[in-house]
Amino acid sequence: MKKSFFIALVAIVLLSACGETKTRQEINRRKAALKEHQETELKNAQLEMTITDSLLQVANHQLDSMQQAVDAHKKALKATPEELTALTRQRMKRDSLRTQFETLGMKIRYIHQKMKE
């Protein structure tokens, strides 16, 4: 009876030791996968931010040009409703791109923060 109890105890210890090793390997694999995922997300966000920045610069330039033209037409009392609508739409486009740019900046900062942890 003592012998079978001892064998059972040794078997339990061996099985629990093997289970711990598997768990550690799984944890290490998950950490590596998380790091790779974070790096991929960071690169994608940086690329998207670069593209958004370029589009934002173009939108700002177009808005400035349109604003000057509309201001000149307003001064001459020749501004049309279509012109004013186009100016408003351009301003909305610029604001949308600016919001997207700021959101991507926050996402990049968040990913950097999580990578440090």
Side-chain angles (χ1 to χ4, degrees):
M1 177 129 166
K2 288 181 183 179
K3 188 176 183 180
S4 63
F5 176 74
F6 181 72
I7 291 173
L9 183 62
V10 170
I12 290 172
V13 170
L14 287 175
L15 288 174
S16 66
C18 292
E20 236 177 86
T21 303
K22 287 182 181 179
T23 303
R24 285 184 197 146
Q25 287 170 353
E26 289 174 11
I27 290 171
N28 291 337
R29 271 190 259 136
R30 287 182 181 180
K31 284 182 180 179
L34 177 62
K35 183 179 179 181
E36 185 178 323
H37 177 72
Q38 288 172 336
E39 289 171 355
T40 302
E41 285 295 316
L42 179 63
K43 287 178 185 176
N44 288 339
Q46 288 171 335
L47 176 62
E48 190 174 349
M49 188 175 193
T50 302
I51 293 168
T52 303
D53 183 44
S54 297
L55 292 172
L56 182 58
Q57 289 179 22
V58 170
N60 277 328
H61 179 70
Q62 289 174 344
L63 181 63
D64 291 342
S65 297
M66 290 176 79
Q67 186 69 55
Q68 288 174 358
V70 168
D71 287 345
H73 289 151
K74 278 183 179 179
K75 192 174 184 178
L77 301 175
K78 293 182 180 181
T80 64
E82 293 81 17
E83 239 180 355
L84 298 172
T85 301
L87 180 66
T88 301
R89 286 190 177 146
Q90 185 62 31
R91 190 174 292 125
M92 290 169 52
K93 180 180 177 181
R94 189 261 333 254
D95 292 346
S96 176
L97 287 168
R98 185 183 295 163
T99 301
Q100 184 179 358
F101 182 81
E102 291 170 358
T103 302
L104 288 167
M106 287 186 278
K107 181 178 182 179
I108 290 169
R109 283 191 296 276
Y110 179 77
I111 293 171
H112 278 296
Q113 179 185 7
K114 286 297 180 182
M115 289 175 85
K116 288 179 183 177
E117 292 178 359

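Just so you know, residue 1 is the first one in the sequence shown, and it goes up from there. Predicted model only: the values in this text are computed from it and were never measured.
The nearest pair of heavy atoms linking Leu104 to Ala45 is CD2-O, 4.3 Å. Closest approach of Phe101 and Asp53 over heavy atoms only: CE1-CB, 3.6 Å.
Side-chain contact between Leu87 and Leu63: present, with at least one pair of heavy atoms (C-beta onward) separated by less than 4.5 Å. Taking 4.5 Å as the limit, some side-chain heavy atom of Lys107 sits within range of a side-chain heavy atom of Glu41. The closest side-chain heavy-atom distance from Lys74 to Val70 is below 4.5 Å.
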Side-chain atoms of residues 109-117: list all donor-acceptor pairs with protein atoms under 3.5 Å, sequence neighbours left out, distances to 0.1 Å.
| from | atom 1 | to | atom 2 | distance (Å) |
| --- | --- | --- | --- | --- |
| Lys114 | NZ | Glu117 | OE1 | 3.3 |

Start with the C-alpha gap between Leu34 and Gln38, add the side-chain angles, then the distance that decides, and say whether side-chain contact (heavy atoms from CB on, under 4.5 Å) holds.
-> CA-CA 6 Å; Leu34 177 62; Gln38 288 172 336; 4.0 Å; yes
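Interatomic distance, Lys35 NZ to Thr40 OG1, rounded to the nearest 0.5 Å: 12.0 Å. Atom CG of Asn44 is separated from atom CD of Gln46 by 9.5 Å, given to the nearest 0.5 angstrom. How far OG1 of Thr103 is from CZ of Arg98: 12.5 Å, rounded to the nearest 0.5 Å. Atom CD of Gln100 is separated from atom CG of Leu56 by 9.5 Å, given to the nearest 0.5 angstrom.
At a cut-off of 3.5 Å, with distance as the only test, no side-chain donor of Asp64 or Gln68 sits close to an acceptor on the other residue.
Screening residues 82-96 for side-chain hydrogen bond (donor to acceptor under 3.5 Å, both in side chains), with sequence neighbours left out, gives Gln62-Gln90, Gln67-Arg91, His73-Glu83.
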